[in-house]
Amino acid sequence: MKDTFYVTTPIYYPNDVPHIGHAYTSVAADIIARYHRLRGERVFHLTGTDEHGLKLQRAAEAAGVDPRTWVDRMEPRWREVWSRLDIAYDDYIRTTEPRHEAAVAQLLQAVYENGRDDIYPGIYEGLYCVSCELYYGESDLEGGNCPIHGRPVELLREENYFFRLSAYRDRLLEHYEHHPEAVQPEVRRNEVLSVIRGGLQDFSISRTSFHWGIPLPWDPRHVCYVWFDALTNYITAAGYGSDPERFGRMWPADVHLMAKDILRQHAVYWPAMLMAAGVEPARQVWAHGYLLVGGEKMSKTKLTGIHPFELIDHFGVDSYRYYFMREIQFGQDGNFSWESMVERHNADLANGLGNLLSRVLAMLAASFEGRVPPPDGTGAEGDLPAVAADVLGRYEGHFGRMELSSAVGAAWDLVGRVNQYLVEREPWKVARDPARQEEAGAVLYAAAEALRILAVLISPVMPGAAARVWEQLGIAAPLGAQRLPEAAAWGGLAPGTVTRRGEALFPRIDA
RNA sequence: GGCGGCGUAGCUCAGAGGCAGAGCAAGCGGCUCAUAAUCGCUGUGUCGGUGGUUCGAGUCCACCCGCCGCUACCA
């Protein structure tokens, strides 16, 4: 019985250099996973690398090593990025692992033997560049020539196995009719439906022209080509074909996250492949937009690909995660710029949350020896508890609809309200009057309590910063043990707690 | 060619029949606990264009312009 919230990223191609677009998907997946953990759910967050294929085989040859050695060398460059970004995946799959090769073989065999000839031998005919050793689609060509070598391509024929995607048109349409949430956002769903309605073509699933791949179980002269290898990782890790009990708890995946460029494979090929094997499709495929730099898609040739480290080194990992999630409406394309990142960092993090923590702890240190004073029971907290409750409600609602930017934004309504509240109540002034110590204390209690709740709410997005707020507040119970909604209920902060004012949470950045 | 999306304040964007909005940036004022911080006040914008429906149109309809996505086809 399914009991695990299962979220995936695509598996990345280790020959590529990681850029902020890849990281965007992985950060989003991590935030979603952490949010569900915060709610006390059992969560499984999967990522990995896609390690087969001709391009890797050729890169290895060029480097004078075998493909295995090559991918072993390249793959850590990806994990290193995830580590620096605080991506807490639960499993990391490499398609070269035996468990994956076994799962692919099982899936292929299941489809091959399903009695409907969904996999059949055929002739693949394509435009081939001898220099690239690659097939191109007509739309990839430039004036009929190879876009890389500028030389004429040849029409080549190769014996392949095909998957009978065309047979799944009606079943896919029916599936998406009954599960309108299964492709999101809406605009992407419409595209998928129009692709399916327009008729589907069978696609080739094997190659004999290179060998760095998983052999087909019934015809090992062929290696499996791309999609039956790559997409299958999602069920490999869930225990398909190896651990039925585990598979039952995990599958179907709750959400496959990806950029919109591989939507079709996830929303058309993949469910059809699973149907052919008698496996239920994932519950949701969620295609987010592109990160634009200077209004244009990042590109290698224009050198606009940005490595995450270039930003992490300057802004810090928490600011990095916050910026991309807050600045861009999840699902839409979004512009990255250094300027807007500095702006967000200073306005929201340094001046907003960071300064709020700083002023509250400074006042506690000045007037109460750093100890959290008791609330006074006369309503000094004003509407802060109500605002916190409202913020929590909106935060959860937005997360439920994958409106990540709005969910994060909701927390900042509380930051704003507490700053306002402090100006209204002037605790720095009240504290100077010996007769009004209790009042000053109660006001600071309320501000500190709001900060405690904020630490919980930002923890999926900025786990490091949340931990630092928690630590400076001096709370003994581990942040990692907090669960929503209880942890956001007003009054959780114990009077007497010894706060520890530390370094600025987010130092301002000049440019 | 077909289907779809977008075009709103300097910037990023929300609003989908009823007095043009938010955040940021900018200006002025307050406060001085705080990270030159924070709080308050300040927005006359051909809501891409034209025409229409309506008592009333960013909002609905038609056409047009400019971007973009998916898809088809020609070469």
Side-chain angles (χ1 to χ4, degrees), chain A residues 137-139 141-145 183 185-201 259-265 267-268 287-292 294-297 319 323-324 326-368 370 398 403 405-406 408-413 415-432 440-441 443-444 447-448 451 468 472 499 501-510:
Chain A
E138 291 193 25
S139 54
L141 300 179
E142 288 170 6
N145 293 328
V183 182
E186 211 56 34
V187 58
R188 305 274 92 97
R189 175 169 190 267
N190 292 337
E191 285 181 9
V192 166
L193 287 176
S194 105
V195 167
I196 299 172
R197 287 199 190 102
L200 301 171
Q201 293 193 334
K260 62 189 181 183
D261 58 338
I262 47 173
L263 171 64
R264 181 210 286 251
Q265 288 77 13
V268 181
H288 69 249
Y290 290 140
L291 256 34
L292 309 177
E296 292 184 9
K297 196 183 164 188
S319 182
Y323 169 75
F324 286 105
R326 181 74 186 91
E327 181 75 8
I328 296 162
Q329 299 288 321
F330 199 62
Q332 299 186 12
D333 289 356
N335 279 295
F336 162 81
S337 79
W338 186 271
E339 291 74 20
S340 74
M341 193 162 176
V342 169
E343 232 173 68
R344 274 284 173 201
H345 177 94
N346 285 337
D348 295 2
L349 300 181
N351 300 349
L353 180 63
N355 182 245
L356 177 61
L357 177 69
S358 173
R359 67 196 301 209
V360 169
L361 292 182
M363 286 187 274
L364 285 174
S367 305
F368 296 91
H398 287 307
E403 295 158 358
S405 174
S406 305
V408 179
W412 257 259
D413 290 347
V415 173
R417 179 61 197 127
V418 178
N419 269 324
Q420 237 174 9
Y421 166 85
L422 287 173
V423 170
E424 287 162 14
R425 306 298 303 235
E426 302 182 308
W428 56 88
K429 206 175 279 183
V430 175
R432 285 184 216 126
V443 168
L444 291 179
L451 279 163
R468 295 203 301 282
Q472 293 198 24
T499 63
R501 194 181 180 200
E503 297 288 301
L505 190 62
F506 296 103
R508 284 179 57 89
I509 289 175
D510 287 330

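Side chains included, hydrogens not; waters and symmetry mates left out as well; all remaining heavy atoms used. Quick note on labels: first sequence line is chain A, next is B, and so on, each numbered from 1.
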With rounding to whole Å, what would you report as the distance between [N] and [M] at their [atom1] atoms?
{"N": "B/G48", "M": "B/G40", "atom1": "C1'", "result": "36 Å"}
{"N": "B/U53", "M": "B/G58", "atom1": "P", "result": "15 Å"}
{"N": "B/G49", "M": "B/A14", "atom1": "C1'", "result": "23 Å"}
{"N": "B/C47", "M": "B/A57", "atom1": "P", "result": "12 Å"}
{"N": "B/C55", "M": "B/C63", "atom1": "P", "result": "24 Å"}
{"N": "B/G7", "M": "B/A75", "atom1": "P", "result": "38 Å"}
{"N": "B/U8", "M": "B/C67", "atom1": "C1'", "result": "16 Å"}
{"N": "B/C64", "M": "B/A26", "atom1": "P", "result": "43 Å"}

Could you tell me whether the phosphate oxygens of [N], OP1 or OP2, come under 4.0 Å of any side-chain nitrogen or oxygen in [X]?
{"X": "A/Asn190", "N": "B/C3", "result": "no"}
{"X": "A/Gln332", "N": "B/A14", "result": "yes"}
{"X": "A/Arg188", "N": "B/C3", "result": "no"}
{"X": "A/Arg326", "N": "B/U12", "result": "no"}

The side chain of [X] lies closest to which of these nucleotides: [options]?
{"X": "A/Val187", "options": "B/C70, B/G4, B/U35", "answer": "B/G4"}
{"X": "A/Ala362", "options": "B/G69, B/C33, B/U12", "answer": "B/C33"}
{"X": "A/Arg432", "options": "B/C39, B/U35, B/C33", "answer": "B/C33"}

Holding to side chain to side chain donor-acceptor pair (under 3.5 Å), I want the full list of residues that pass it with [X], two or more places apart in sequence or in another chain.
{"X": "A/Tyr290", "value": "none"}
{"X": "A/Arg417", "value": "A/Asp383, A/Gln420, A/Glu424"}
{"X": "A/Gln329", "value": "none"}
{"X": "A/Ser367", "value": "none"}

When all nucleic acid strands are considered with a 4.0 Å heavy-atom cut-off, which category describes [X]: base, sugar-phosphate, or nothing?
{"X": "A/Arg189", "result": "nothing"}
{"X": "A/Leu505", "result": "base"}
{"X": "A/Gly198", "result": "nothing"}

Query raised in the report: Does a side-chain heavy-atom distance below 4.5 Å link A/Val360 with A/Leu422?
Result: yes
Query raised in the report: Are any of the side-chain heavy atoms of A/Asp510 and A/Val342 separated by less than 4.5 Å?
Result: no
Report summary line: Symbol by symbol from the 5' end, with Watson-Crick or G-U pairs under 3.5 Å, [ ] crossing and | another strand, RNA chain B is ((((((((.[[[[.)..(..]]]].(((((.......))))).....[[[[[..)....]]]]])))))))....
Just how far, in rounded Å, is [atom2] of [N] from [atom1] of [X]?
{"X": "A/Asn419", "N": "B/U32", "atom1": "CG", "atom2": "C1'", "result": "14 Å"}
{"X": "A/Leu193", "N": "B/G2", "atom1": "CG", "atom2": "C1'", "result": "16 Å"}
{"X": "A/Glu186", "N": "B/A16", "atom1": "CD", "atom2": "C1'", "result": "16 Å"}
{"X": "A/Arg417", "N": "B/C39", "atom1": "CZ", "atom2": "P", "result": "11 Å"}
{"X": "A/Leu357", "N": "B/U38", "atom1": "CG", "atom2": "C1'", "result": "15 Å"}
{"X": "A/Leu292", "N": "B/G69", "atom1": "CG", "atom2": "P", "result": "10 Å"}
{"X": "A/Leu361", "N": "B/U35", "atom1": "CG", "atom2": "P", "result": "11 Å"}
{"X": "A/Arg425", "N": "B/U38", "atom1": "CZ", "atom2": "C1'", "result": "17 Å"}

Please list, pair by pair, any protein nitrogen or oxygen found under 3.5 Å from a nitrogen or oxygen in nucleotides 40-43 of chain B.
from  : atom 1 : to       : atom 2 : distance (Å)
B/G40 : OP1    : A/Gln420 : NE2    : 2.6

For [X], which residues count as a side chain to side chain contact (heavy atoms under 4.5 Å, CB included) partner, sequence neighbours excluded?
{"X": "A/Ser194", "result": "none"}
{"X": "A/Ile328", "result": "A/Tyr24, A/Leu291, A/Phe324"}
{"X": "A/Asn190", "result": "none"}

Report task. Kindly state each residue pair satisfying salt bridge (Lys or Arg N to Asp or Glu O under 4.0 Å) with at least one member in residues 190-201 of chain A, sequence neighbours excluded. Result -> A/Arg188-A/Glu191
Report task. Write out all pairs satisfying salt bridge (Lys or Arg N to Asp or Glu O under 4.0 Å) with one or both partners inside residues 348-367 of chain A, taking only residues at least two apart or from two chains. Result -> A/Arg344-A/Asp348
Query raised in the report: Is the base of B/G40 syn or anti, where syn means the angle lies within 90° of 0?
Result: anti
Requested in this report: Starting at CG of A/Leu444, measure out to CG of A/Leu361 and round the result to the nearest 0.5 Å.
Outcome: 10.0 Å
Query raised in the report: Quick one: CG on A/Asn335 to CG on A/Leu292, what's the gap to the nearest 0.5 Å?
Result: 5.0 Å
Query - Contact nearer the 5' end of RNA chain B, comparing A/Ala350 with A/Asp333 - result: A/Asp333
Query raised in the report: Taking for each residue the nucleotide of RNA chain B bearing the nearest heavy atom, is the 5' side occupied by A/Lys260 or by A/Gln201?
Result: A/Lys260
Report summary line: Closest heavy-atom pair, A/Gly502 versus A/Gln472, reported as atoms and distance to 0.1 Å, is N-OE1, 3.1 Å
All N/O pairs under 3.5 Å across the protein-nucleotides 26-31 of chain B interface:
none

